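All values reported here derive from a predicted model rather than from experimental measurement. Start at 1 and go down the list; that is how both ligands and their atoms are numbered. Basis for what follows: all heavy atoms, side chains included, without hydrogens, waters or symmetry-related copies.
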Amino acid sequence: MKITLDTPLSEIPSVGDKRSKSLARLELNSVSDLLFFYPRRYLDLRNFKKISMLSPGETASVKGKVAAREEKALRGRTSYLNVALSDGTGVLFTVFFNQPYLKDTFALNREFFISGRVEEYKGRIQMVNPLYEEYRDGKRDWLLPVYPLSEGLTHKYIRRLIKLVMDRLAEYPEEILPLKNRLDLKLPNVKFALRNIHFPLSDMNLEKARNYLIFREFFILQMGLLLRKEKEQKKSKVCDTGINEGLIDVFESLLPFKLTKHQKKVMLEIVGDIKKGMVVSRMIHGEVGSGKTVVAVFALWLFSRTGVQTALLAPTEILAEQHYLNWQEFFLKQEIPVALLLGQFPEKEKNVTREGIKNGDIKVLMGTHALLTENLQFKNLGLAVVDEQHKFGVKQRELLKEKGKDVHYIVMSATPIPRSVALTFYGALDISTIGELPKGERRVLTYIFQNEEKERIYRFLEYQNSQGRQGYVVTPAIEGNENIKSAVDEYDKIKRDLPDVPCGLIHGRLPHKEKEEIMRRFREKKTGILVATSVIESGIDVPDASYIVIEQAERFGLAQLHQLRGRVGRSGDVGYCILVPESYDDGDVMNRLESFVAAESGFEIAEIDLELRGQGDLLGVRQHGIPPLKIGNIVRDMELLTIARSEAQEVVKKLPPEEIEKKFLKGVFTND
Ligand code: ADP
Ligand code: MG
């Protein structure tokens, strides 16, 4: 039988019905899928331990002879096989569940490599369902691939199947990497890479194969992203909007402060896009407090002046409200009608606003998710701005711009995005960075306190209040249970223990009117301590807040902690951030929090976060319509990623989109 890349695995003789289902569960349907199914890691058979040196908890490999075996049937259909292996220094017990046929494999005196997690059981050292490979003198592969498996499959089987496929393969996949890149980066060809990723003959071959496949993966990814971006920008509508750089000065003259250099730079970039006749598609990113809002307002103002409608979407009602309160007057003075739309507003009020949007009376609309509902129709939406974009799902944040035709699109991110992530997942957006803070570097001192030091924290709160300073106390939940601290309880406690400090409580479940009132009182300094959930994390700007206490800090992500910390020290004075973890003696927790204390910029934190949490989790990869990365890692392989990006750019410049699609992408990208 001739096998091609498209041959379905189910047509290969040794693949039965059951196996083909198991393979499909791993998304392995065709020969090509199988070739690009990468091992998760490799077992290095040169690297084994003496059995006497094993300790419980570690993952290790040993080499030993079968000294005894015993098969046991349990209740129902369960059975297990016990195999004792000896290497002269000790005995390792291995347990295999439901694989009675292994009895013949583990014949007495045969020698095996065994690899797995060491456990202690009834005083013996054992491994459950370990990997195994018979040791025979002579030719042998030292690096054994370990695949992610599904039920009904073994490593041995996958290995055999790949071998069979490779032996009979009519033709390997087309070589898509330019020769120049392969020479520069010392990368092999595709055939070498695939053979060596599955059956590495040496460490060096494996290294080369990996680099090749990582680069190839990034290269395809970038190509797809660049193509998507090009498609977006082709939708340009060259028309004379009268927009030019001079308007930045006009805008500045309407503000109570001077724009920073970086704010101006980003505004220039936006104006530049428009002058080129492009549909703006930009992410503005900058540290918390860098003044992104003004830039967004500039864009709203700029476009509203040309007669189109504009909208600003914020993730929380408090933030939408803040934007509205801060900028309503500005727009009204320019005779640009502006409105706020929140889900919580009475139906009647919402209807009035919706009507004004539909007939075009309202030019600037600010609000929350209420902007996304179907019953809101714009007359001529021209610009959609999404604040704190990471708080929205991808689909969600794109809903707004779909309420018009060729809508200009700006998203703002306070979570600094590592360059690698930006290149990968936001490759379709242009990126503008605001790299400085308007009031100079902010200083927030961060400390970790133990739960038992609560008394000290309360004294600190009391002292701050006596000095006329206000701040936040944040808890992970609104209402808690025995495990989670709640804002409601904390509020009661502070009121009881610090009766002289005016204290407020805010969380997402309060009615809008109440939230508005509470924030107003806090802004006016009628409240000293604001007890809150993470609702205050996004964008809240109360310049006089000078401290934030975060209870059960380990329950927040690092990026989230950074956002919270960004709420204080905004006036130019030193701010304080106090973390109160519950698990003070948990090493991992403390390491994470200490790295947070040490990290100065959100940028550093994003990098740490990415390392700790991994890439998929961070970004909800699939949502982007981007194929998940199978071998590349955007932190570890950053260098290859950057090169892949610029090489892909070269190709996109040279080849027409259809050809790129056909040659490189072939349906890998899903959503357009
Ligand atoms: P973020 O980038 O976190 O969204 P904001 O837009 O909320 O930051 O801005 C933080 C604070 O800085 C606000 O109070 C804002 O009015 C102020 N601000 C912004 N730009 C300037 C500037 N050029 N000069 C002085 N203050 C500014
Ligand atoms: Mg903001």
Would one find an N or O of Gly289, backbone or side chain, under 3.5 Å from an N or O of ligand 1? yes

When you measure from [atom] to every protein heavy atom, which one gives the shortest distance, and what is it?
atom                    : value
atom 9 (O) of ligand 1  : Gly291 CA, 3.6 Å
atom 2 (O) of ligand 1  : Lys292 NZ, 2.7 Å
atom 22 (C) of ligand 1 : Phe257 CD1, 3.2 Å
atom 14 (O) of ligand 1 : Asp541 OD2, 2.4 Å
atom 20 (N) of ligand 1 : Gln263 NE2, 2.9 Å
atom 17 (C) of ligand 1 : Lys439 NZ, 4.1 Å

Counting only heavy atoms closer than 4.0 Å, does ligand 1 sit against the backbone of Pro438, its side chain, both, or neither?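 It is the side chain that gets close, since no backbone atom is under 4.0 Å.
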
Contact atoms of ligand 1, heavy-atom distance to [X] under 4.0 Å:
X      : value
Val288 : 3 (O)
Thr293 : 4 (O), 5 (P), 6 (O), 7 (O)
Leu259 : 23 (N)
Thr260 : 23 (N)
Lys258 : 22 (C), 23 (N), 24 (N)

Quick check on the 6.0 Å ring-centre criterion: do Phe251 and Phe330 meet it?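 Ring-ring flag for Phe251/Phe330: true, centres closer than 6.0 Å.
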
Result of checking Asn465, Val501, Val542 against Gln470 for side-chain contact (heavy atoms from CB on, under 4.5 Å): Val542

Consider ligand 1: state whether an atom of it lies below 4.0 angstrom from any non-hydrogen atom of [X].
X      : result
Arg570 : yes
Gly286 : no
Ser290 : yes

Between Thr260 and Gln263, do the side chains contain a donor N or O and an acceptor N or O under 3.5 Å apart?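 Present: a donor and an acceptor within the cut-off.
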
Decide if atom NZ of Lys358 counts as having more than 12 heavy atoms of other residues, nucleotides or ligands within a radius under 6.0 Å.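 No, because the 6.0 Å sphere around NZ of Lys358 holds 12 heavy atoms or fewer from other groups.
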
Are more than 12 heavy atoms, taken from residues, nucleotides or ligands other than Lys454, located less than 6.0 Å from that residue's NZ atom? yes

Identified side chain to side chain donor-acceptor pair (under 3.5 Å) partner of His512 from the options Gln344, Glu321, Glu317: Glu321

Go through the steps to decide whether Phe522 and Tyr472 satisfy the test ring-ring contact (aromatic ring centres under 6.0 Å, His included), and finish with yes or no. CA-CA 10 Å; Phe522 188 60; Tyr472 308 92; 5.2 Å; yes

Between Val411 and Gln389, the two heavy atoms sitting closest are CB-CB, 3.8 Å

Pairs where residues 290-309 contributes a residue and the test side chain to side chain donor-acceptor pair (under 3.5 Å) is met, not counting sequence neighbours: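 Those involving residues 290-309 are Ser304-Thr310.
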
Determine, step by step, whether Tyr447 and Phe460 satisfy the ring-ring contact (aromatic ring centres under 6.0 Å, His included) criterion, reporting the C-alpha distance in whole Å, the side-chain angles of both residues, the deciding distance to 0.1 Å, and the verdict. CA-CA 13 Å; Tyr447 301 98; Phe460 168 82; 8.4 Å; no

